[in-house]
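Here's the structure, in structure tokens; my notes come after.
By convention here, the first residue in the shown sequence is residue 1.
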Amino acid sequence: MSNNVIHVSEQEFEQQVLNSDVPVLVDYWAEWCGPCKMIEPIINELADNYNGQVRFAKVNIDENRSTAMQYNVRGIPTLMVFRDGKVQGTKVGAVTKGQLQAFIDEAVKA
């Protein structure tokens, strides 16, 4: 686990994600999700690479159901980039490092 990835609860979501002064990649995941575990090392590596430019946050959908419902998370992993409190992009399912990097770069520049 990277020190640059934070775990966010429903109580912290607004402060950590919506009010962030930098873009935030939110990884909606669950303990029982195989593909979520597959992409975790990629997320940790990119969190270190983007340190300071993009915040990386994980939201456990089993513990934070209303946040998952609010953002229509239907499958996991679901990755969303937030900027200025708004969703800039969404990816559902396991992605490669290159795909995730391109997704972040595109959403951050948009």
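Hydrophobic clustering (ILVMFWY, side-chain heavy atoms < 4.5 Å, transitive): Phe56 and Val22 are in distinct clusters. The hydrophobic clustering, which links ILVMFWY residues whose side-chain heavy atoms are closer than 4.5 Å, places Met80 and Val92 apart. Taken together through direct or relayed side-chain contacts under 4.5 Å among Ile, Leu, Val, Met, Phe, Trp and Tyr, Ile43 and Val108 form part of one hydrophobic cluster. With hydrophobic clusters built from ILVMFWY side chains whose heavy atoms lie under 4.5 angstrom apart, Met38 does not share a cluster with Ile76. Under a hydrophobic clustering in which Ile, Leu, Val, Met, Phe, Trp and Tyr are joined whenever their side-chain heavy atoms come within less than 4.5 Å, directly or via other members, Ile6 and Leu18 fall into the same cluster.
Asn44 contributes atom CG, which lies 10.0 Å from atom CD1 of Ile39 (distance to the nearest 0.5 angstrom). Atom CD of residue Gln101 and atom CD of residue Glu106 lie 13.5 Å apart, to the nearest 0.5 angstrom. Distance check, rounded to the nearest 0.5 Å: CG of Asn60 to CD of Glu10 gives 10.5 Å. Taking CD1 of Ile42 as the start and CD of Glu40 as the end, the distance is 11.0 Å to the nearest 0.5 Å.
Contact check for Phe103 versus Val95: no side-chain heavy atoms found under the 4.5 Å cut-off. Within the 4.5 Å cutoff, no side-chain heavy atoms of Val8 are placed close to those of Val26.
Ala47 approaches Val5 most closely through the heavy-atom pair CB-CG2, 3.5 Å. Smallest separation of non-hydrogen atoms from Val54 and Leu25: CG1-N, 4.0 Å. Nearest heavy atom pair, residue Lys91 against residue Gln99, reads CE-O, 4.5 Å. Nearest heavy-atom pair across Glu12 and His7 is OE1-O, 3.6 Å. Lys58 and Asp27 make their closest contact through NZ-OD2, 2.8 Å (heavy atoms, listed as atom of the first residue, atom of the second, distance). Taking each heavy atom of Ser20 and Arg55 in turn, the nearest pair found is OG-NH1, 3.4 Å.
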List the atom pairs, with distances to 0.1 Å, where a side-chain N or O of residues 28-36 and a protein N or O form a donor-acceptor pair under 3.5 Å, not counting sequence neighbours.
from  : atom 1 : to    : atom 2 : distance (Å)
Trp32 : NE1    : Asp62 : OD2    : 2.7

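Within the structure, no pair that satisfies the disulfide (SG to SG under 2.5 Å) test touches residues 41-74, not counting sequence neighbours. Screening residues 16-25 for salt bridge (charged side-chain N to carboxylate O under 4.0 Å, His left out), with sequence neighbours left out, gives no hits. Applying the salt bridge (charged side-chain N to carboxylate O under 4.0 Å, His left out) test to residues at least two apart or on different chains, the pairs with a partner in residues 92-103 are Glu45-Lys97.
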### Query
Please walk me through it: do Val59 and Phe13 pass side-chain contact (heavy atoms from CB on, under 4.5 Å)?
CA-CA 9 Å; Val59 174; Phe13 193 84; 4.1 Å; yes

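With sequence neighbours excluded, no residue forms a salt bridge (charged side-chain N to carboxylate O under 4.0 Å, His left out) with Lys37. Residues meeting the side chain to side chain donor-acceptor pair (under 3.5 Å) test with Glu14, sequence neighbours left out: none.
Classification of the Tyr71-Phe82 ring pair by plane angle, with boundaries at 30° and 60°, yields perpendicular.
At most 12 non-hydrogen atoms from other residues, nucleotides or ligands lie less than 6.0 angstrom from CD of Gln15.
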